[in-house]
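Let me begin by presenting the structure, written as structure tokens, before commenting on it.
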Number of protein chains: 2
Amino acid sequence: MEGSAKRPRTRIQSEKRDVILDAALDIFSANGFRGSTVDQIAEAAGMSKPNLLYYFRGKEDIHESLIKQLLDTWLAPLREMDEQGDPMTEIRSYIRRKLEMARDFPRESRLFANEILQGAPRTMPILEEELKPLVDEKAAVIRDWSRAGRIAKVDPWHLIFSIWATTQHYADFDVQVRTVLGPDRGGDGRFEDAARFLEQLYLDGLRVRN
Amino acid sequence: MEGSAKRPRTRIQSEKRDVILDAALDIFSANGFRGSTVDQIAEAAGMSKPNLLYYFRGKEDIHESLIKQLLDTWLAPLREMDEQGDPMTEIRSYIRRKLEMARDFPRESRLFANEILQGAPRTMPILEEELKPLVDEKAAVIRDWSRAGRIAKVDPWHLIFSIWATTQHYADFDVQVRTVLGPDRGGDGRFEDAARFLEQLYLDGLRVRN
DNA sequence: CTAACGTTTGTCCATTCGGTCAAATTTCAA
DNA sequence: TTGAAATTTGACCGAATGGACAAACGTTAG
């Protein structure tokens, strides 16, 4: 009667679960849920399919674990936005952190994008219970900054959306971005260029006009 | 020896192809390529699978037709951006048109997003041959505006990316947007709110600073 | 050493999916 | 009206896929 203690117990279980989740992130983010096969994941994880299914109940189980693990990391930058800090500094830091995540964790971004694009069939509850409250809270903070005249008067929700969109774009639409920029401008420097552009756009776009 | 004249000939062929493409747009945009089945498309189109395959060679063929048909519509707003016009007016119009497309043609946006997310396996040639040249051309226009001091000095490519990202976000991440905004703010008015926010952001963000 | 437990895999199964085919039905020009 | 061409469909096929299972293999505590 010890509830449902499903966490890994042995050393091997813990290690193998991590290997599987990493492999699954590769596959799911590149092919979407339905476009990915358990065989692909197993091969990427360096084990047989039945072996993989020894550690996870099934394909959905793996995906669910990934999504749950993802959202904490994903929302961290927004959580860090500090009501007590300087508004422009806080917003600039938020943009920079989100852009760094697009650069350093593109797989996570694409996994999430895939899920939302398909109508969030497996993620809707988390959006309502975790994402919405957090955004509401931070939107209120931005609204207060706005009312206090510390940044321009803008719609906080759409400001947040625009920051999500512009930063995640570099992960989700990476192929397009690199194709359009070409070999020269599309190298590693594209993230610095993007950072410069976005900083300027939001710095001037949110500055209080006199 | 009349080449490969594959266009529909009879009235029925023309009509049925349209019906199929519309149904396929529903299914593909909602489930992605691999997540969609020919049976689903056939049912949505109100016909049997073999009947559908009488009009198209196969699943890939339908998808290819959709993508080709899509890109013309999709790039039209950027094509309309006029070098001779007033820079701020042109950019504002471009943003408005892109946002209207996100509102009126969300299926097209999601179809495209799905394709790019998966690494554009079926679209890469079109990106290189159609999209890149067009963006290069318009980026040069914006760069000239920028150099002439008619808008702020910004990276033209990343400006275009940010406009794509912010506008398409309302189609591609619609579920998330509506969930976060909630029933009140997430109604039909969300596009007007977005338009107001984006106009202000880019108006001030691109204004020449003195 | 060895029994018990944890781990791994070959094999198999039911279902789904993209696609084929021949036969049946409908359309339409002469 | 009529017959040839266009259209539609039920039945079927091979491959892919998610998953089950029992047997085999490893590990380790006593």
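The figures that follow rest on heavy atoms only: side chains count, while hydrogens, waters and symmetry mates do not. Residue numbers begin at 1 in each chain, while the letters A, B, ... track the order of the sequences.
Atom CZ of A/Arg17 is separated from atom P of C/dT7 by 12 Å (rounded to the nearest Å). Atoms CG (B/Leu53) and C1' (C/dG18) sit 8 Å apart, rounded to a whole Å. Here C/dT20 presents its C1' atom at 17 Å from NZ of B/Lys59, a figure rounded to the nearest Å. Taking atom CG of B/Asn51 as the reference point, atom C1' of C/dA24 lies 13 Å away to the nearest angstrom. The OH-C1' distance, from A/Tyr55 to C/dG6, rounds to 8 Å in whole Å. B/His63 places its NE2 atom 13 Å from the P atom of C/dG18, with the value rounded to the nearest Å. Protein atom CG of B/Asp61 is 14 Å distant from nucleotide atom P of C/dG18, rounded to whole Å. When the C1' atom of C/dG18 is taken as reference, atom CD of B/Glu64 falls 17 Å away, rounded to whole Å.
Between A/Phe161 and B/His169, the ring planes lie tilted relative to each other; the angle falls in the 30° to 60° range.
Residue B/Phe56 is out of contact with every strand shown, counting any heavy-atom pair closer than 4.0 Å.
The aromatic ring centres of B/Phe191 and A/His158 sit 6.0 Å or more apart. Between A/His63 and A/Phe56, the ring center distance fails the sub-6.0 Å criterion.
A donor and an acceptor atom, one from each side chain of B/Asp26 and B/Gln40, are nowhere located under 3.5 Å apart. Between the side chains of A/Ser109 and A/Gln168, no donor N or O sits under 3.5 Å from an acceptor N or O. For the residue pair B/Trp157 / A/Asp193, no side-chain donor-acceptor distance below 3.5 Å is found, with atom types taken as modelled.
Here the rule is side-chain hydrogen bond (donor to acceptor under 3.5 Å, both in side chains) with A/Asp155, and of B/Gln200, B/Arg185, B/Arg190 only B/Arg185 fits it.
The phosphate of C/dG6 has neither OP1 nor OP2 within less than 4.0 Å of any side-chain N or O from A/Gln13. Here A/Tyr54 does not reach the OP1 or OP2 of C/dT8: none of its side-chain N or O atoms lies under 4.0 Å away.
One N or O on the side chain of B/Lys138 and one on the backbone of B/Arg79 form a donor-acceptor pair closer than 3.5 Å.
For B/Pro183, the side-chain contact (heavy atoms from CB on, under 4.5 Å) test picks out no residue, with sequence neighbours left out.
Near-neighbour residues of DNA chain C inside residues 32-49 of chain B, defined by a heavy atom below 4.0 Å, number-ordered: B/Ser36, B/Thr37, B/Val38, B/Lys49.
Chain A approaches DNA chain D within less than 4.0 angstrom (heavy atoms of the protein), and the contacting nucleotides run 5' to 3' from D/dT17 to D/dC21.
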